[in-house]
J.: 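Structure provided below as structure tokens; questions to follow.
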Amino acid sequence: MSEQKIQAPKGVSEYVPDRSNSFELVRNALIEPAKRAGYQLIELPIFEDTELFRRGVGESTDVVSKEMYTFEDRGGRSITLRPEGTAGVMRAVIEHGLDRGQLPVKLWYAGQFFRAERPQAGRYRQFYQVGIEAIGLDDPAIDAEVIAIADAGFKSLGLSKYRLEITSLGDLSSRAAHRVELLKFIETLDLDEATAERAKLNPLRLFDDKREEMKKAMLSAPLLMDYLNSESLEHFKMVTKYLDRMEISYVLNPRMVRGLDYYTGTTFEFVHELLGAQSGIGGGGRYDGLMQALGGQALSGIGFGLGIDRVLLAAEAEGIISEDAFVSDLYIIPLGDTAKEFALKIAKDLRSAGKTVEIAFGDRGLKGSMKAADKTGAAYVIVLGESELESGTVELKHMQTGESSSVKIASLQQCL
RNA sequence: GUGGACGUAGCUCAGCUGGUAGAGCACCCGGUUGUGGUCCGGGAUGUCGCGGGUUCGAGCCCCGUCGUUCACCCCA
């Protein structure tokens, strides 16, 4: 009688071999450009005080109002599994006084995030992101560089079927002016109950409605872009100028909507063409009031979050990723117990010299072991038997050509 | 949260109008005793997601449940 199988919780994304190789490749590719731009790792807890997200992300957002994994810990504290990265980073920056040194503070992170949504292709309850934050200066050149870093990650993977959309959400005064006009406009529309409810929470949301009739109705809606004050407009123009200079192509999307309340000014999104409804592979923007809202000084910041799961899906959709990432330099087949002892020792020494070495375990016979060696894709194979142990010499077989040569065990390292 | 589709060996799937399960790939063993990828032969494998119900009898019908998937919503 076997026990009932336990399944993974609903909607989590898991990566097991061989696909995990692709996952690792994607994650590292997305991190690398940030490191090269001088960003440093910040490793943070996966759960935080619930209040952090209420204040940081915004009470009115869907993320906070209905998608958080919140629970009480044993001390009666309200804890929430992080639904996004920026709020936690800001909390840590303030708590550790990182903003007291030279600005901007430049940080990167990678890890899993949690949102209790209905799962769908590219949308999971536990998902992975790589993100960066540049805090403390509102130089538009930083905005451009942040965008360039994200773009470089996608490009290094070979992605091409995506586009960068950017806009500016302006500063608080620009937004307030626009909001008045937008609300006036929305009043003239005949909305169903659910849509009216959404409009109440965030009128900008209506720009994102997928229904044709709504798209049409919103065509004549007042655009935030047209309400930017001179400062905001100037900042945005500089950002696009820098992007042009770096030859990063983008499309202006004055109807872009973001789901987190803290965004101000420069805002962007990377959209992939081959993905389904969940086509955003990354996005981010500037946030002016966030640090202050969390009890820190009034510094601005900008950052992005890139979805590793979705970038992997996109890379697979473009057919630019292969799973066979792991290949050993040498595969050792020991015949007999004494040989096994030597195999372990040889493998250990070669590994500490930087070689990737595998051993055939389980006494399965030479033929089976050769098959196993073949499957791992190892470059070379040696068989360790009595005669080899006596002579201290092995036949080093190159698997692709099938040719082999006699090599002293002591000098294996130089031959791999 | 709302609506639709789906859930059979590790994987991809077949299974006619209900009669207690199959293919391909993968896996293991062997093809004269120490050398792989091809070929040939042999083999193991499933509480047909789970729980109820209808029926003489259910993988096929009904209900529930869990999960997957697609769209909405939202977003990475």
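Below, chains carry the letters A, B, ... as their sequence lines are ordered, and counting in each starts from 1.
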J.: Taking only heavy atoms on the protein side, list every residue of residues 152-171 of chain A lying under 4.0 Å from any atom of RNA chain B, sorted numerically.
T.: none
J.: Checking A/E67 now: which residues fulfil side-chain contact (heavy atoms from CB on, under 4.5 Å) with it, not counting sequence neighbours?
T.: A/D62, A/V63, A/R115, A/E117
J.: For RNA chain B, which residues of residues 386-399 of chain A approach it to below 4.0 angstrom with any heavy atom?
T.: A/E386, A/S387, A/E388, A/K397, A/M399
J.: With A/Y262, which residues qualify under ring-ring contact (aromatic ring centres under 6.0 Å, His included), at least two apart?
T.: A/Y287
J.: For the base of B/C74, is there a side-chain donor-acceptor partner from A/R123 under 3.5 Å away?
T.: yes
J.: Rounded off to whole Å, could you give me the CD-to-P distance for the A/Q126 and B/A76 pair?
T.: 17 Å
J.: For A/Y263, check ring-ring contact (aromatic ring centres under 6.0 Å, His included) against everything at least two apart and list the hits.
T.: none
J.: Under the rule for side-chain contact (heavy atoms from CB on, under 4.5 Å), what residues qualify as partners of A/Q126, not counting sequence neighbours?
T.: A/V12, A/Q112, A/F114, A/Y128
J.: Going by side-chain contact (heavy atoms from CB on, under 4.5 Å), name the residues that satisfy it together with A/L172, two or more places apart in sequence or in a different chain.
T.: none
J.: Can I get a per-line list of side-chain donor-acceptor pairs under 3.5 Å for residues 135-146 of chain A, giving both atom names and the distance, sequence neighbours left out?
T.:
residue : atom : partner : partner atom : Å
A/D139  : OD1  : A/A141  : N            : 2.8
A/D143  : OD1  : A/R286  : NE           : 3.2
A/D143  : OD1  : A/R286  : NH2          : 2.5
A/D143  : OD2  : A/H235  : NE2          : 2.8
A/D143  : OD2  : A/T266  : OG1          : 2.7
A/D143  : OD2  : A/R286  : NE           : 3.2

J.: Taking the ring of A/F270 and the ring of A/F154, is the distance between their centroids below 6.0 Å?
T.: yes
J.: Are any of A/Q7's side-chain N or O atoms less than 4.0 Å away from OP1 or OP2 of B/G49?
T.: no
J.: Partners of A/H178 by ring-ring contact (aromatic ring centres under 6.0 Å, His included), sequence neighbours excluded?
T.: A/Y227
J.: Name every residue in residues 261-280 of chain A that has at least one heavy atom under 4.0 Å from any atom of RNA chain B, in order of residue number, or write none if there are no such residues.
T.: A/G276, A/A277, A/Q278, A/G280
J.: Taking only residues two or more places apart in sequence, or in another chain, which ones meet A/F268 in a ring-ring contact (aromatic ring centres under 6.0 Å, His included)?
T.: none
J.: For A/S387, what residues pass the side-chain contact (heavy atoms from CB on, under 4.5 Å) criterion, not counting sequence neighbours?
T.: none
